[in-house]
> 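Please find one structure pasted underneath; my questions will follow.
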Amino acid sequence: MKPRALLNKTYALLSGKFGPGNWWPIVKNGRPLYLPEYLTRERTPAEIFEIAVGAILTQNTSWGNVVLAIDNLKRAKVMSRKGISDTPLDTLAEMIKPSGYFNQKAKKLKALIYYIDTGLKGSLSRLREFPPDRARESLLSVWGVGKETADSILLYGLGMPVFVIDAYTRRIFSRMGAVDKDADYDAIRAYFEKHTGRDINLYREFHALVVAQGKDVCKNKPLCDACVLNKICPASGGENR
DNA sequence: CGCCAGGTTGTTG
DNA sequence: CAACAACATGGC
């Protein structure tokens with residue numbers, strides 16, 4: 001199957017099964033909120049900040065654990081540039097403990113704050129003053145911010161057209177025969193950006209669908225019988241079945 | 001109990 | 001430059 005047809009079909013099938021994801025969630029009263037308005041309005045500076053914090057905390061970590069950590073920060077009034085800045089490293093680490101790797105991630109959050117203060121004059125919104133590729137390279141200069149984290153901030157926070165790739169994307173689309181199983185991050189990203197329309201909300205929804213599919217169906221041990229892609233996926237017994 | 005989460009960095013051959 | 005180790009909690 002040609003790339004454009006494969007991606008279009010895959011999106012349609014996953015969308016039909018899972019529906020809208022309305023990413024990136026904001027945590028309120030200990031629960032993540034997924035609102036349709038996130039796809040139709042610009043994110044506030046406070047939301048962009050929370051997305052950046054969440055993107056760091058969720059590195060190799062389940063979202064449920066991240067919600068616990070974010071809730072701790074919010075209840076302590078620490079979910080802000082100043083809040084994290086004013087909180088001692090050890091205290092911060094204690095607050096984000098549920099998200100795992102807490103010592104390392106506390107340092108990453110501090111590095112993010114240092115970057116916002118010294119490089120962005122106090123707000124991630126300043127990244128809007130750069131073209132996407134420049135904003136990306138700026139974020140990547142921060143210790144603890146890698147490609148997926150940077151791209152999540154750009155796509156979901158700032159509304160820039162970068163496709164987010166993660167471990168699920170690689171697993172699903174290598175099983176589909178679309179990408180090489182050890183293709184590098186930017187090669188997979190280029191594949192998606194080249195063969196889909198340059199549409200922010202498509203990028204957002206597509207990535208959310210990939211995560212849902214990866215979690216529920218296309219697991220380490222795939223549940224091909226329950227998979228809506230099984231007719232077009234070689235791994236389920238071949239294309240056409 | 002074992003496995004695995006919406007990765008990134010540092011070290012080693 | 002690729003492979004591998006370190007980082008760590010919580011849910012199923």
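Reckoned from all heavy atoms, side chains included, excluding hydrogens, waters and symmetry mates. So that the names make sense, note that chain A is the first sequence line, chain B the second, and so on, each numbered from 1.
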> Looking at A/Asp166 and A/Arg170, is any side-chain nitrogen of the basic one under 4.0 Å from a carboxylate oxygen of the acidic one?
no
> With a 4.0 Å cut-off on heavy atoms, is A/Lys215 in touch with a base, just the backbone sugar-phosphate, or nothing at all?
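Contact class for A/Lys215: base.
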> Looking only at heavy atoms, which two atoms of A/Asp182 and A/Asp180 are closest? And how far apart?
OD1-OD2, 2.7 Å
> Can you identify which nucleotide, out of C/dT9, B/dT8, C/dA8, has its nearest atom closest to the A/Tyr101 side chain?
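Of C/dT9, B/dT8, C/dA8, C/dA8 is nearest to the side chain of A/Tyr101.
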> Using a heavy-atom cut-off of 4.0 Å across all strands, would you classify A/Trp23 as base, sugar-phosphate, or nothing?
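A/Trp23: base contact, heavy atoms under 4.0 Å.
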> Any side-chain N or O of A/Asn103 under 4.0 Å from OP1/OP2 of C/dA8?
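Yes, such a contact exists.
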> Roughly how many Å apart are C/dA5 and B/dC3, using the P atom of each and rounding to a whole number?
16 Å
> A/Trp143 has an atom CH2; how far is it from atom C1' of B/dG7, in whole Å?
12 Å
> Quick one: is A/Trp63 getting a side-chain N or O under 4.0 Å of the C/dG11 phosphate, OP1 or OP2?
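So the side-chain polar atoms of A/Trp63 never come under 4.0 Å of the phosphate oxygens OP1 or OP2 of C/dG11.
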> How is A/Gly64 classified with respect to the nucleic acid when contacts are heavy atoms under 4.0 Å: base, sugar-phosphate, or nothing?
nothing
> A/Asp166 has a side chain; which of B/dG10, B/dG7, B/dC4 sits nearest to it?
B/dG7
> Quick one: is A/Ser99 getting a side-chain N or O under 4.0 Å of the C/dA8 phosphate, OP1 or OP2?
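It does not, given that no N or O in the side chain of A/Ser99 lies less than 4.0 Å from OP1 or OP2 of C/dA8.
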> At under 4.0 Å between heavy atoms, what does A/Val142 touch on the DNA or RNA strands: base, sugar-phosphate, or nothing?
sugar-phosphate
> Can you tell me how far P of B/dT8 sits from CG of A/Asp186, to the nearest Å?
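Interatomic distance, CG of A/Asp186 to P of B/dT8: 11 Å.
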> If only side-chain N and O atoms of A/Asn65 are considered, is one of them under 4.0 Å from the OP1 or OP2 phosphate oxygen of C/dT9?
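For C/dT9, OP1/OP2 do not have a side-chain N/O of A/Asn65 under 4.0 Å.
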> Would A/Glu129 and A/Lys121 pass as an ion pair if we require N to O under 4.0 Å?
no
> Of the nucleotides B/dT8, C/dT9, C/dG11, which has the atom closest to the A/Glu148 side chain?
B/dT8
> Look at all strands and tell whether A/Gln104 reaches a base, only sugar-phosphate, or nothing, counting heavy atoms closer than 4.0 Å.
base
> Do A/Arg136 and A/Asp186 meet the salt-bridge criterion of a basic N to acidic O distance under 4.0 Å?
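Result for this pair is yes, salt bridge flagged.
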> Counting Watson-Crick and G-U wobble pairs only, both distances under 3.5 Å, name the nucleotide matched with C/dG11, or none.
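For C/dG11, the partner nucleotide comes out as B/dC3, under the 3.5 Å rule.
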> Grab the CG-C1' distance between A/Asn60 and C/dA6 for me, whole Å please.
11 Å
> Would you mind classifying the nucleic acid contact of A/Tyr34 as base, sugar-phosphate or nothing, using non-hydrogen atoms under 4.0 angstrom?
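Base, at least one base heavy atom under 4.0 Å.
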> Just how far, in rounded Å, is C1' of C/dC1 from CG of A/Asp182?
14 Å
> When we call it a touch if two heavy atoms are under 4.0 Å apart, what does A/Val210 touch: a base, just sugar-phosphate, or nothing?
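Contact class for A/Val210: none.
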> Round to a whole Å and report the spacing from NZ of A/Lys107 to P of B/dG10.
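Checked: the NZ to P distance equals 11 Å.
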> Taking the six-membered ring where the residue is Trp, are the ring centres of A/His195 and A/Tyr191 under 6.0 Å apart?
yes
> Quickly work out the A/Gln59 CD to C/dA8 C1' distance and round it to whole Å.
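Result: 13 Å.
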> Using atom P of each nucleotide, how far apart are C/dA8 and B/dG10 to the nearest Å?
14 Å
> Scan A/Ser152 against the nucleic acid and name what it touches under 4.0 Å (heavy atoms): base, sugar-phosphate only, or nothing.
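Touches nothing.
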> Mind calculating the distance between CG (A/Leu57) and P (B/dG7) to the nearest angstrom?
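A/Leu57 atom CG is separated from B/dG7 atom P by 13 Å.
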> Does a side-chain N-to-carboxylate-O contact under 4.0 Å join A/Glu148 and A/Arg189?
no
> Between A/Lys105 (NZ) and C/dG10 (C1'), how many Å, whole number?
12 Å
> When you measure from the side-chain N and O atoms of A/Arg171 to the phosphate of B/dA5, is any distance below 4.0 Å, counting only OP1 and OP2?
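So the side-chain polar atoms of A/Arg171 do come within 4.0 Å of the phosphate oxygens OP1 or OP2 of B/dA5, strictly under.
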